[in-house]
Participant: 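Have a look at this one.
Order of listing sets the numbers, starting from 1, for every ligand and every atom in it.
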Amino acid sequence: MKKNNLSSALIFLLCFFILTSCKENVKKEAATPVVSTTQPNIVFIYADDLGYGELGAYGATEIKTPNLDKLANNGVKFTNGYATSATCTPSRYALLTGKYPWRNKNAKILPGTAPLIIDTAQATIPKMLKAKGYHTGIVGKWHLGLGSGNVNWNQRISPGPNEVGFDYSNILAATQDRVPTVYIKNGYVENLDPNDPIEVNYQQNFEGEPTGKENPEILNMKWHHGHNNSIVNGIPRIGFMKGGESAKWTDIDMADYFLKDAQQYVKSHKNEPFFLYYALQQPHVPRTPHPRFVGSSGMGPRGDVIVEADWCIGEFIKTLESEGLLENTLIVFSSDNGPVLNDGYFDDAVEKIGKHKPAGVLRGGKYSLFEAGTRVPFFTYWKGHITPHVSDAMISQLDLFNSIASLVGSKEQTQDSKALLDVFLGKTDNGRKELVLEATTRTALRHENWVMIPPYEGPQIAKETQIELANDSIYQLFNLADDIAQKNNLAQSNPEKLQEMITRFEAIRGKDFNNIQQLELK
Ligand code: NG6
Ligand code: CA
């Protein structure tokens, strides 16, 4: 009996000891996040319309981007990194799905009322990571459509980011220049007053509502082309919107708002592996720097918002650092397409550009099939795991799907994505051999150092943006090895190479690749 009592007491003490020491361990874990190389946090930072020559690390001398430069120069800085397309929606589609956007006819610049263009059954990076135990979040620009047509903005808006893999979402629906000009958190418009419901229409105005076209006297930013519909905060937008007064965002606070939310997301999920897609709105139009950045670049609002974006990333990195997460977080930075100066507002972007070269040495810009349309700043940074390296490997944002899958041990792969984890980590420079480039539904082929652009109808230079679009009545062939600026069309002098490129291209795209409805570009 006594013996029994003694052993029960001993067992009790043992259990107590095990339990309390377990509890201690849990507490310790909570204080110092676990460092893991197979389940690191993953953060995509994605700028909007940031060109190849826009960062100090990519040769810019007239604009200061110290925070991004520090990451680029201490990570793997890619000189041949591509967005999938020269506009936003298709690039974002490819980034998240690992699928070429020209396979989806809806993957083109969307209005704010467009339905979701990612199939909810389709593979996405956040879904793949969720299956591996990650918490997933998006903060910032979405522009992949919401709902299934005819969205009621006053109820839960679905399907959207939360239905294609994101546990958390806080987004702007389309672009900063398109209505609705409200933040949408997990499917609900933030700060919406039910007594002041939102209505959105891209065809016609609501009775009595002012527009940029009819009420220029109330504008504090003038439109140059397009952008003459509803007016919000004195800025004329694309599309018409009524109601939702209390929910409307303040443009000058947008960068701070998304930064704060991204920081909060990190803090809230530091004890589990997380994937954050932080999609900045800068330097897309309308360029609305917070007053503390006004004048910071000497280049007008476009330069100022680049300085502001750089500051935001600096602050964001500080948060990762102070939370003890920097060595356990793989950061991927890139842009959705190349640069544009006049994208529809009079904002001094052209007048104040000075010596700054947004596209660097490249030809073209946003909307263009020339290199500057899709070749963008692209780097990875992972403190303690990546050694500083400049890589000339050809990589596409498409490749993040399969590469991240290998990083986290997922077997999921997509057809168009290439598993290039070692390239992203700077261990080898063996990138892709071949990539289809896209600009407003036109496509071209890069194979090794050669680029072939098929003939396309349309203006050679866009009337309003003044960007060289790469349309021509003849085939164009460039050798980037000694002609990075695409000045010498070698199609005539090198017919064999041209034929080889056409054959490769048609094998991927089919013979009727240009039998498509082209976007009308102003
Ligand atoms: C264009 C807009 C441009 C920009 C672009 C989308 C006009 C005349 N131009 O149609 O200002 O909003 O769409 O940019 O409306 S993207 O980066 O989201 O693809
Ligand atoms: Ca863009």
Side-chain angles (χ1 to χ4, degrees), residues 44-52 54 82-96 101 106-114 117 140-145 171-181 202 211-213 221-230 232 235-240 251 277 279-288 301-302 305-306 309 334-347 349-350 358-359 364-368 372-378 397 438-442 459 462-467 469 518-522:
F44 288 181
I45 304 173
Y46 209 45
D48 194 358
D49 298 1
L50 187 77
Y52 188 69
E54 222 100 64
Y82 287 87
T84 317
S85 174
T87 56
C88 167
T89 299
S91 287
R92 283 161 206 262
Y93 175 81
L95 175 79
L96 293 182
N106 296 322
K108 46 190 177 196
I109 303 174
L110 297 177
T113 44
I117 62 161
K141 176 171 173 173
W142 177 239
H143 211 189
L144 290 165
I171 58 165
L172 66 90
T175 56
Q176 201 187 332
D177 54 349
R178 282 175 174 75
V179 297
T181 50
Y202 270 70
T211 66
K213 199 171 188 174
M221 195 187 278
K222 304 271 180 241
W223 56 277
H224 179 275
H225 54 284
H227 306 94
N228 57 18
N229 302 155
S230 285
V232 181
I235 302 170
R237 317 276 168 159
I238 306 173
F240 303 99
D251 293 86
Y277 172 30
L280 307 169
Q281 90 287 6
Q282 302 117 320
H284 194 282
V285 293
R287 291 136 186 165
T288 54
R302 185 175 188 279
V305 298
I306 294 176
S334 200
S335 173
D336 66 342
N337 53 253
V340 55
L341 297 180
N342 181 346
D343 209 12
Y345 294 97
F346 287 97
D347 64 2
V350 176
K366 182 175 179 177
Y367 311 113
S368 178
T374 48
R375 203 197 286 205
V376 285
F378 198 156
Q397 290 163 12
E438 199 239 38
T440 58
T441 68
R442 297 160 299 147
K463 186 169 153 257
E464 306 288 12
T465 60
Q466 286 293 305
I467 287 171
L469 299 174
Q518 277 195 47
L519 279 187
E520 202 182 290
L521 282 175
K522 295 194 176 143

Participant: For a 4.5 angstrom cut-off between non-hydrogen side-chain atoms, does Ser91 reach Tyr46?
Facilitator: yes
Participant: Which atoms from ligand 1 have a heavy atom of Asp177 less than 4.0 Å away?
Facilitator: 3 (C), 4 (C), 11 (O), 12 (O)
Participant: Specify side chain, backbone, both or neither for Asp343, according to which of its non-hydrogen atoms lie closer than 4.0 Å to ligand 1.
Facilitator: both
Participant: Work out which heavy atom in Ala86 is nearest to a heavy atom in Lys366; give both atom names and the distance.
Facilitator: O-CG, 3.5 Å
Participant: Check ligand 1 against Asp48 and write out every atom of the ligand that is under 4.0 Å from a heavy-atom position of the residue.
Facilitator: 17 (O)
Participant: When you measure from the side chain of Arg302 to the backbone N and O of Asn342, does any donor-acceptor pair fall under 3.5 Å?
Facilitator: no
Participant: Determine whether Lys108 and Thr441 make a side-chain contact, defined as any pair of heavy atoms from C-beta on separated by less than 4.5 Å.
Facilitator: yes
Participant: Against heavy atoms of His227, which atoms of ligand 1 measure under 4.0 Å?
Facilitator: 7 (C), 9 (N), 11 (O), 15 (O)
Participant: Report the member of Lys366, Lys108, Glu464 with the shortest heavy-atom distance to atom 14 (O) of ligand 1.
Facilitator: Lys366
Participant: I'd like to check Gln397 versus Phe44 (side-chain heavy atoms, cut-off strictly below 4.5 Å). Are they in contact?
Facilitator: no
Participant: Any salt bridge linking Arg92 with Asp336? Criterion: basic side-chain nitrogen under 4.0 Å from a carboxylate oxygen.
Facilitator: yes
Participant: Number the atoms of ligand 1 from 1 as they appear, then name those within less than 4.0 Å of a heavy atom of His225, with their elements.
Facilitator: 8 (C)
Participant: Return yes when at least one N/O/S atom of Asn337 is nearer than 3.0 Å to the Ca ion (ligand 2), and no when none is.
Facilitator: yes
Participant: For Asn337, counting its heavy atoms only, list the atoms of ligand 1 lying under 4.0 Å from any of them.
Facilitator: 17 (O)
Participant: How wide is the angle at the Ca ion (ligand 2) between OD1 of Asp49 and OD2 of Asp336, to the nearest 10°?
Facilitator: 150°
Participant: Do we see a donor-acceptor contact under 3.5 Å between the side chains of Gln176 and Asp251?
Facilitator: yes
Participant: Out of Asp343, Val350, Leu341, which one pairs with Thr465 under the side-chain contact (heavy atoms from CB on, under 4.5 Å) rule?
Facilitator: Asp343
Participant: Judged by non-hydrogen atoms, does Tyr367 sit under 4.0 Å from ligand 1?
Facilitator: yes
Participant: Quick one: are Arg237 and Pro286 in side-chain contact, heavy atoms under 4.5 Å?
Facilitator: yes
Participant: List every atom of ligand 1 that sits less than 4.0 Å from any heavy atom of His143, numbering the atoms from 1 in the order shown and giving each element.
Facilitator: 18 (O)
Participant: To which of Ala462, Cys88, Ser85 does the heavy atom nearest atom 19 (O) of ligand 1 belong?
Facilitator: Cys88
Participant: What is the name of the N/O/S atom of Asp48 that is nearest to the Ca ion (ligand 2)?
Facilitator: OD1
Participant: Does Trp223 approach ligand 1 within less than 4.0 angstrom via side chain, backbone, both or neither, non-hydrogen atoms only?
Facilitator: neither
Participant: Closer than 4.0 Å to some heavy atom of Ile238 - which atoms of ligand 1 meet that?
Facilitator: 15 (O)
Participant: Would the distance check show the side chain of Asp49 and the main-chain N or O of His284 forming a donor-acceptor pair, the cut-off being under 3.5 Å?
Facilitator: no
Participant: Go through ligand 1 atom by atom and flag the ones less than 4.0 Å from a non-hydrogen atom of Thr175.
Facilitator: 18 (O)
Participant: Of the non-hydrogen atoms in Tyr202 and Val179, which two are nearest, and what is the gap between them?
Facilitator: OH-O, 2.6 Å
Participant: Using a 4.0 Å heavy-atom cut-off, say whether Lys141 meets ligand 1 through its side chain, its backbone, both or neither.
Facilitator: side chain
